[in-house]
Number of protein chains: 2
Amino acid sequence: MSVKTDHRHLYLQVIDRIKKDIEQGVYKEKEKLPSEFELAKQLGVSRATLREALRVLEEENVIIRRHGVGTFVSSRPMFTSGIEQLSSVTEMIRQAGRKPGTIFLSSSIQKPTEDDIKRFQCHKEEDLLVVERVRTANNEPVVYCIDKVPCKYLPKGIAYENESLLEILHDEANRYIAYAITHIEPLGYHEKVSPVLQCEPETALLVLKQMHFDENDEPILYSIDYFKSDKFSFHVLRKRV
Amino acid sequence: MSVKTDHRHLYLQVIDRIKKDIEQGVYKEKEKLPSEFELAKQLGVSRATLREALRVLEEENVIIRRHGVGTFVSSRPMFTSGIEQLSSVTEMIRQAGRKPGTIFLSSSIQKPTEDDIKRFQCHKEEDLLVVERVRTANNEPVVYCIDKVPCKYLPKGIAYENESLLEILHDEANRYIAYAITHIEPLGYHEKVSPVLQCEPETALLVLKQMHFDENDEPILYSIDYFKSDKFSFHVLRKRV
DNA sequence: CCCACCTTAGATATCAGACATCTGATGTTA
DNA sequence: TAACATCAGATGTCTGATATCTAAGGTGGG
């Protein structure tokens with residue numbers, strides 16, 4: 001029995017439980033789940049709660065429901081980990097089974113540009129911390145990162161040289177990044193970035209320009225990440241509307 | 001009053017109705033919606049059905065619900081039209097307010113490659129129709145498209161030169177593309193594609209390699225689209241998990 | 001006057017049980 | 001054999017109740 005009492009809403013726990021069961025093969029692809037009545041009894045929740053969870057799972061394309069027939073595991077249960085899931089570069093490298101590292105290039109306090117003022121909805125005289133780093137995987141440079149964050153969100157004198165900025169913001173500043181609006185651009189050659197990443201002439205870069213927000217929709221962090229295209233692969237599930 | 005009787009499930013109609021109301025400004029950003037009890041009464045559905053709809057809208061980041069407080073329109077109600085929404089190139093150009101056109105390059109029947117066999121889970125001797133086209137916006141070339149589709153999905157002797165392939169598949173072959181798994185890659189220069197799209201040397205390409213599926217998860221269409229990066233902008237909402 | 005505590009109204013979260021409707025399978029009959 | 005009728009079981013929807021959370025307002029002691 002777990003120590004941590006789960007204060008999260010029931011339907012969320014049900015979602016996680018079902019997802020876990022699918023991932024662990026309790027229910028296999030295309031397989032029929034128990035009936036709602038049965039499943040609700042098994043999980044110890046009401047049918048209404050279970051149905052809210054199933055509705056979300058259906059929307060996420062994890063299951064398929066057919067009126068009068070049953071509920072089935074989707075044939076391609078997408079826990080995607082596609083680009084629509086936001087994770088730090090550190091997490092991405094770690095998830096690829098490699099050792100993340102950081103080469104610290106520069107850090108300075110700057111006044112916001114016109115675009116920054118719009119992005120952060122901040123004052124003209126607001127101070128921004130601008131950090132430039134190269135992220136490495138197994139000591140090989142793979143991403144060039146520029147991060148901008150208003151100083152007011154950061155505690156004084158922290159060491160931002162060694163860790164994921166998202167983690168720092170969470171641990172030190174108690175700011176949890178909940179989502180980001182990301183623009184995706186290709187880049188053939190960048191006279192500053194490409195040499196640093198040791199790019200062959202034919203190796204293009206994928207640029208993600210990301211505005212990060214916290215749970216209260218406050219703009220916290222703006223980042224520009226240059227990914228070496230032969231080291232990262234991005235995919236996304238696109239749904240027709 | 002609309003003629004078409006809506007046979008779709010109630011909760012779906014409720015979702016659409018609420019989305020429409022938000023889009024049309026009936027409920028504004030950050031504004032509080034009526035209580036579930038009140039809203040259910042207004043819409044003429046039960047609270048349980050309304051709650052299923054609200055749960056989905058919450059998951060889609062259209063609304064925010066706070067226990068004991070109320071339901072609010074999200075501060076940035078994302079009907080994103082980001083990359084996670086699949087649309088044909090034709091639709092994309094049209095949505096940008098420009099006139100879509102097609103330059104037909106080639107069309108041939110080919111046997112599948114190793115990768116094609118995996119992708120389509122088809123037989124080695126299956127015939128594939130391969131079409132190469134350049135799509136134009138206001139007569140300016142903007143996308144280079146290669147499409148592969150098993151001949152068995154297409155009726156004989158159709159004119160695929162003028163229209164969206166997705167529309168043809170739907171109208172002529174009664175195959176509705178429901179989603180696609182898309183890989184995103186940058187490309188600096190392509191010796192065949194770049195000249196055709198009249199790319200300046202510094203203009204990179206964004207390549208989308210897409211496997212399209214229908215509602216029954218059958219692989220129908222594989223496409224490779226080369227987008228001129230200065231003519232298209234892609235974005236995506238990335239959520240933390 | 002202010003702050004800590006209590007109470008309460010109103011909202012969402014969850015529950016229990018019923019009925020409606022759809023689907024697939026089975027059986028029946030012309 | 002084919003069309004129809006029936007039925008079991010599943011999801012869809014409804015009703016009405018209770019539980020829990022939150023914000024706001026009241027209250028009393030300092």
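Quick caveat: nothing in here was measured; it's all calculated off a predicted structure. Just so it is clear: chains get the letters A, B, ... in the order the sequence lines come, proteins before strands, and each one is counted from 1.
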[X] has an atom [atom1]; how far is it from atom [atom2] of [N], in whole Å?
X       : N      : atom1 : atom2 : value
A:Glu36 : C:dC19 : CD    : C1'   : 15 Å
B:Arg51 : D:dG12 : CZ    : P     : 17 Å
B:Arg8  : D:dT13 : CZ    : C1'   : 16 Å
B:Arg65 : D:dT22 : CZ    : P     : 15 Å
B:Leu57 : C:dT12 : CG    : P     : 14 Å
A:Leu10 : C:dT12 : CG    : P     : 18 Å
B:His9  : C:dA20 : NE2   : C1'   : 12 Å
A:Phe37 : D:dT11 : CZ    : C1'   : 14 Å

Under the ring pair (Phe, Tyr, Trp, His ring centres under 6.0 Å) test, which residues partner B:His67, sequence neighbours left out?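 Testing B:His67 for ring pair (Phe, Tyr, Trp, His ring centres under 6.0 Å), a comparison that skips the adjacent residues, returns A:His9.
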Atom pairs, protein N/O to nucleotides 15-19 of chain D N/O, distance under 3.5 Å:
unit_1, atom_1, unit_2, atom_2, d
D:dA17, N6, B:Arg47, NH1, 3.4

Which one, [options], comes nearest to the side chain of [X]?
X       : options                : answer
B:Ser35 : C:dA11, D:dT11, C:dA13 : C:dA11
B:Lys32 : C:dA13, C:dA11, D:dT13 : C:dA11
A:Val69 : C:dT12, D:dG12, C:dG24 : C:dG24

Give me the ring orientation class for B:Phe213 and B:Tyr179: parallel if the planes are under 30° apart, tilted from 30 to 60°, perpendicular past 60°. parallel
Regarding A:Arg47 and the six-membered ring of A:Phe37, is the cationic atom NZ or CZ under 6.0 Å from the ring centre and inside 45° of its axis? no
Under 6.0 Å from the ring centre and within 45 degrees of the ring axis: does the NZ or CZ of B:Arg55 meet both conditions for the six-membered ring of A:Tyr11?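 Yes, a cation-pi geometry.
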For A:Tyr11, report the nucleic acid contact type (base, sugar-phosphate, nothing); a contact means any heavy atom under 4.0 Å.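 Answer is sugar-phosphate: A:Tyr11 comes under 4.0 Å of backbone atoms only.
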Base, sugar-phosphate alone, or nothing: which one does A:Arg66 contact when heavy atoms must sit under 4.0 Å apart?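 Counting heavy atoms under 4.0 Å across all strands, the contact made by A:Arg66 is with sugar-phosphate only.
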By salt bridge (Lys or Arg N to Asp or Glu O under 4.0 Å), which residues pair with B:Lys239, not counting sequence neighbours?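 Partners of B:Lys239 under the salt bridge (Lys or Arg N to Asp or Glu O under 4.0 Å) test: none.
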Please check this pair: side chain of B:Arg240 against backbone of A:Ile177, looking for a donor-acceptor N/O pair closer than 3.5 Å.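 Yes.
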Indicate yes or no: does A:Asp21 engage A:Arg17 in a salt bridge with an N to O separation below 4.0 Å.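 Salt bridge present between A:Asp21 and A:Arg17.
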